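Residue numbers run from 1 in the order of the sequence given. A quick note: this is a predicted structure, and the numbers were derived from the prediction, not measured.
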Amino acid sequence: MKKDIIIPTVENIFVAAVSEWSDDFMEKIWQVYLINDSDFQLDNVMVVSKAFGTLEGEMKKTSLLRHAFLKIPAVSVAKIEMIETSVLALNNEFMVTFFIGNTLYDKKYIFKAHAIHQDHAEEVPILFVDGIIVR
């Protein structure tokens with residue numbers, strides 16, 4: 001029975017955190033994007049995010065945030081959310097679920113605690129700016 005279940009592999013779809021200027025906050029903030037670097041449109045995309053970890057010896061976790069996108073075209077990006085500076089010291093998890101055709105895909109992307117930092121930046125495909133990528 002278990003051998004009959006096929007779990008499809010997610011390829012060329014990842015999450016990136018990019019440092020951008022915000023006129024609202026008058027400082028640089030980290031925006032998280034879903035990058036679709038595949039040849040397929042993603043349909044009915046659901047992203048659930050949360051942060052968790054230990055700060056000063058105490059276990060902390062944030063509320064769950066949910067984001068939905070009807071379609072994300074091939075070779076494109078979708079802005080998910082801003083990451084508040086205080087949660088950069090925690091693990092930031094993004095659970096992404098979507099359809100390609102009639103097949104359901106899902107993958108968990110985790111930015112480890114303190115990983116979102118300009119020192120770890122590399123060029124993000126499609127956006128062509130520096131950011132932190134989780135594949």
Side-chain angles (χ1 to χ4, degrees):
M1 294 283 243
K2 218 175 188 182
K3 64 179 175 53
D4 296 328
I5 299 172
I6 299 169
I7 300 173
T9 304
V10 175
E11 295 177 350
N12 299 320
I13 294 152
F14 47 93
V15 174
V18 176
S19 180
E20 298 177 345
W21 178 259
S22 169
D23 289 334
D24 294 335
F25 297 104
M26 297 304 292
E27 66 180 2
K28 282 198 152 200
I29 59 169
W30 288 95
Q31 289 284 358
V32 178
Y33 290 89
L34 179 61
I35 312 291
N36 180 7
D37 199 15
S38 73
D39 297 330
F40 305 101
Q41 174 177 289
L42 310 182
D43 294 313
N44 301 318
V45 181
M46 175 68 90
V47 180
V48 179
S49 64
K50 67 179 179 179
F52 60 92
T54 305
L55 277 178
E56 300 169 4
E58 190 176 328
M59 187 62 176
K60 300 279 186 181
K61 67 179 182 176
T62 64
S63 301
L64 290 177
L65 296 178
R66 293 173 182 86
H67 310 277
F69 306 93
L70 274 176
K71 296 177 183 177
I72 299 177
V75 190
S76 67
V77 300
K79 187 183 285 189
I80 300 173
E81 67 184 40
M82 177 194 97
I83 295 184
E84 214 281 319
T85 307
S86 65
V87 299
L88 295 177
L90 301 172
N91 297 308
N92 287 272
E93 176 183 292
F94 294 83
M95 185 66 190
V96 181
T97 306
F98 57 91
F99 282 91
I100 296 178
N102 291 327
T103 305
L104 177 68
Y105 293 80
D106 70 329
K107 185 167 182 179
K108 187 183 300 183
Y109 300 90
I110 299 177
F111 292 98
K112 297 288 185 190
H114 303 288
I116 300 176
H117 191 277
Q118 204 61 43
D119 293 345
H120 305 117
E122 60 182 286
E123 187 175 60
V124 178
I126 304 172
L127 287 175
F128 302 109
V129 296
D130 286 344
I132 313 306
I133 302 172
V134 177
R135 291 179 168 85

Exercise for the section: Take I100 and T103, measure what side-chain contact (heavy atoms from CB on, under 4.5 Å) needs, and give me the verdict at the end. Expected result: CA-CA 6 Å; I100 296 178; T103 305; 5.5 Å; no
Exercise for the section: Measure from the side-chain N and O atoms of D130 to the backbone N and O of Q118, and report whether any donor-acceptor pair falls under 3.5 Å. Expected result: no
Exercise for the section: Establish whether L127 and I13 are linked, either directly or via other cluster members, by ILVMFWY side-chain heavy-atom contacts under 4.5 Å. Expected result: yes
Exercise for the section: Determine whether W21 and M26 make a side-chain contact, defined as any pair of heavy atoms from C-beta on separated by less than 4.5 Å. Expected result: yes
Exercise for the section: Kindly work out whether a path of hydrophobic side-chain contacts (I/L/V/M/F/W/Y, heavy atoms less than 4.5 Å apart) joins L88 to L65. Expected result: no
Problem - F40 CZ: over 12 foreign heavy atoms closer than 6.0 Å - result: no
Exercise for the section: May I have the step-by-step check of side-chain contact (heavy atoms from CB on, under 4.5 Å) for N91 and F52, ending in yes or no? Expected result: CA-CA 5 Å; N91 297 308; F52 60 92; 3.6 Å; yes
Exercise for the section: Measure the CD1-CG distance between I72 and N36 for me, rounded to the nearest 0.5 Å. Expected result: 6.5 Å
Completion exercise
The remaining residues in the hydrophobic cluster of M82, counting side-chain heavy-atom contacts under 4.5 Å among Ile, Leu, Val, Met, Phe, Trp and Tyr, are F25, I29
Handout entry: Within 6.0 Å of CG in L64, more than 12 heavy atoms from elsewhere
Key = yes
Practice task
Indicate whether the side chain of T9 and that of E11 have a donor and an acceptor atom separated by less than 3.5 Å.
Solution key: no
Exercise for the section: Indicate yes or no for a side-chain donor-acceptor contact from H67 to the backbone of V47 under 3.5 Å, with no hydrogens or angles considered. Expected result: no
Handout entry: Hydrophobic cluster membership, V75 vs L42, 4.5 Å side-chain cutoff
Key = yes
Exercise for the section: Using the six-membered ring wherever Trp is involved, compare the ring planes of F98 and Y105 and label them parallel, tilted or perpendicular (cut-offs 30° and 60°). Expected result: parallel
